[in-house]
Amino acid sequence: MRISKRKLMEVALSIRKRHFQNLLDEARHLRREITAARRSRRRRAQLIQLARRHSLLSCLQKLKPKATTLQPGNGGLPYIAYDHRIVRSHLAMLKAQCREIHTEWKRLKAETAKPIVANLKTLLEETELAKESPLEVRWIVDNITLDDVWIGDIEVMMNLETFSVHAFNKSVDTGEKNGYQHPHVSSDGHICWNGYDSDAEAYHMAGDFLAVKDMIENLLRTYNPHSPYISLEDWENGPSSSCNECGERYSDDELAYSERYRDYLCPNCRCYCDECEDYVSEYDYDSDMNACKRCVEMESDVCALCLERFWHRELTAVEMLVDGKMETVPCCETCKEEYESRQAAESNEKEENELEPERNDHADAACLLAPAVALSADSQ
Amino acid sequence: MAITITYLNRNGGGFAERHTVSQGTTIKQFLADRGIEADNYTIRIVRGAQGGFTPTADEALQEGDRLSCVPLKIEGAR
């Protein structure tokens with residue numbers, strides 16, 4: 001696909017117009033910021049003046065630190081707040097930015113669209129036109145190798161009308177890399193610029209597409225071990241994740257997902273809780289109860305008699321005399337049976353004891369009657 | 001005689017800086033004055049009709065050139 005000279009000029013002019021518009025928007029925004037900063041400074045000066053006039057020493061003391069002001073709070077009570085806009089350097093910075101934009105505006109006005117056309121021409125020589133509306137180019141960053149790990153050829157698509165860049169790996173099956181196209185490119189082709197996008201966007205806005213292209217190529221050929229989507233080790237050996245507990249890397253087959261931690265645990269660090277059916281670390285596991293500590297705390301209790309811990313389902317509420325009062329206490333099955341048999345034995349004994357005096361009464365009666373009987377026999 | 005060029009580098013806060021240099025200033029001289037080691041950058045010049053090209057160290061700057069210096073190491077993230 002080739003692009004006509006007319007179209008090229010049209011695009012260059014639209015880029016120039018867009019650049020003007022962006023500068024204008026930015027200048028407007030800065031002017032608003034300057035007005036707000038001036039208003040804040042003026043307000044603070046008035047507050048100090050007022051506090052001085054009425055000898056409000058406490059208020060003056062509170063307004064003494066740099067950039068402090070009074071803000072209306074809830075219920076009409078004012079509170080002391082920090083307002084960065086009051087600082088003189090903030091206003092100076094805004095003014096400097098405004099001057100920069102003004103200079104850029106003047107420079108842009110003095111320039112023709114020729115540098116943009118020159119940029120576009122070279123870009124179209126080095127790339128392939130993918131789409132005409134919106135104008136989009138594509139090119140291959142070939143044979144990318146990062147720290148001796150082969151990444152492959154990456155196809156880059158760049159929209160020239162809006163700042164939109166996508167990159168796709170053309171050499172490897174990205175399914176095996178968790179979908180990532182490159183250690184710094186997501187599965188949907190978005191490059192993670194790590195803050196460089198503001199520069200790239202500024203170049204793009206000014207029509208310096210070759211600089212953007214160079215930036216993209218250099219980024220794709222650089223590996224940042226501190227923050228990749230996928231590490232080079234995983235890129236080479238297949239994706240793996242790290243254990244939430246020990247931080248060691250394991251293949252996905254070896255790791256188990258824990259709902260509790262919303263992360264993975266390795267075989268050495270995880271224990272399975274049958275109660276909540278989840279994996280937990282050994283620190284959160286009670287090996288006596290074979291369950292996680294949370295379940296133990298919520299689902300178990302101590303038997304009032306043997307003081308051993310049991311699950312709630314294994315405990316029965318038993319009424320017994322505790323400190324002279326009848327109370328319902330949890331009791332394990334064994335203790336409950338023992339307690340009940342002891343209670344039964346005690347009540348039998350009690351019953352027997354209650355019967356004994358009756359028998360004794362008869363005996364005593366017999367004893368008492370005996371002499372009388374004997375006497376009556378003698379008398380007879 | 002002096003010429004004016006546009007210099008694009010990352011320190012410019014995204015904006016292109018205008019520089020006035022004496023005619024005949026080479027790329028090597030211009031970068032050396034700014035403490036730029038050419039080996040660590042992708043350097044390009046976009047020049048009117050000629051378009052964009054990678055200059056040699058002895059290439060003399062010309063009026064209206066757009067010189068870009070992009071660091072070779074740009075660390076992405078996730």
Side-chain angles (χ1 to χ4, degrees), chain A residues 23 97 100-101 103-104 106-108 110-112 114-126 180 182-186 191-196 198-230, chain B residues 1-21 25 27-28 30-31 34-57 59-78:
Chain A
L23 286 175
Q97 282 179 0
E100 259 180 50
I101 289 178
T103 316
E104 177 76 0
K106 270 169 61 180
R107 183 191 66 75
L108 199 63
E111 255 177 22
T112 59
K114 271 183 186 168
I116 302 173
V117 174
N119 227 297
L120 275 172
K121 261 187 186 170
T122 312
L123 183 79
L124 289 168
E125 278 164 21
E126 291 181 11
Y180 299 124
H182 176 281
H184 299 300
V185 180
S186 68
I191 295 174
C192 184
W193 291 87
N194 195 17
Y196 293 96
S198 52
D199 299 318
E201 202 171 348
Y203 291 154
H204 188 280
M205 186 177 80
D208 288 307
F209 300 115
L210 292 170
V212 184
K213 182 174 176 275
D214 290 341
M215 279 188 84
I216 293 166
E217 290 194 10
N218 292 353
L219 188 145
L220 292 175
R221 291 193 192 277
T222 309
Y223 178 60
N224 175 9
H226 302 296
S227 181
Y229 281 113
I230 179 169
Chain B
M1 196 184 158
I3 56 162
T4 308
I5 65 150
T6 306
Y7 175 49
L8 302 142
N9 72 338
R10 282 208 61 238
N11 305 323
F15 289 117
E17 296 167 4
R18 296 279 276 177
H19 287 266
T20 305
V21 294
T25 304
I27 297 285
K28 195 178 166 182
F30 182 83
L31 296 180
R34 277 145 198 86
I36 300 254
E37 277 187 46
D39 290 349
N40 299 331
Y41 292 83
T42 303
I43 295 163
R44 273 202 208 240
I45 285 182
V46 176
R47 185 176 288 164
Q50 218 175 318
F53 63 96
T54 304
T56 60
E59 178 79 36
L61 288 162
Q62 289 184 22
E63 176 67 34
D65 278 355
R66 283 178 88 81
L67 172 68
S68 67
C69 285
V70 175
L72 282 179
K73 297 276 173 211
I74 297 182
E75 288 188 334
R78 66 173 167 181

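Chain letters run A, B, ... following the sequence lines, proteins first, then strands; residues in each count from 1. Any value given below was found using the heavy atoms of this structure, including those in side chains, with hydrogens, waters and symmetry copies removed.
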**Asked** Quick one: what part of A:Asp214 sits under 4.5 Å from any heavy atom of chain B, side chain, backbone, both or neither?
**Response** both
**Request:** Among the options A:His184, A:Lys114, A:His182, A:Glu111, pick out the one with the most heavy-atom pairs lying under 4.5 Å from chain B.
**Result:** A:His184
**Message:** Counting heavy-atom pairs under 4.5 Å with chain B, which one of A:Ala118, A:Pro115, A:Ala206 comes out on top?
**Reply:** A:Ala118
**Prompt:** At a heavy-atom separation under 4.5 Å, does A:Glu125 approach chain B through its side chain, its backbone, both, or neither?
**Reply:** neither
**Request:** State which residues pass side-chain hydrogen bond (donor to acceptor under 3.5 Å, both in side chains) with B:Glu59; sequence neighbours excluded, sorted by chain then number.
**Result:** B:Arg47
**Prompt:** Using 4.0 Å as the upper bound for N to carboxylate O, is an ion pair formed by A:Glu217 and A:Arg221?
**Reply:** no
**Prompt:** Side chain, backbone, both or neither: which part of B:Thr6 has an atom under 4.5 Å from a heavy atom of chain A?
**Reply:** side chain
**Prompt:** Do we see a donor-acceptor contact under 3.5 Å between the side chains of B:Thr42 and A:Asn218?
**Reply:** yes
**Under 4.5 Å from any heavy atom of chain B - which part of A:Pro228** = backbone
**Prompt:** Who are the ring pair (Phe, Tyr, Trp, His ring centres under 6.0 Å) partners of A:Tyr180, not counting sequence neighbours?
**Reply:** A:Tyr229
**Message:** Given heavy-atom pairs under 4.5 angstrom as the criterion, report whether the side chain, backbone, both or neither of A:Glu126 touches chain B.
**Reply:** side chain
**Request:** Would you mind telling me which of A:Thr122, A:Leu124, A:Leu120 makes a side chain to side chain contact (heavy atoms under 4.5 Å, CB included) with A:Phe209?
**Result:** A:Leu120
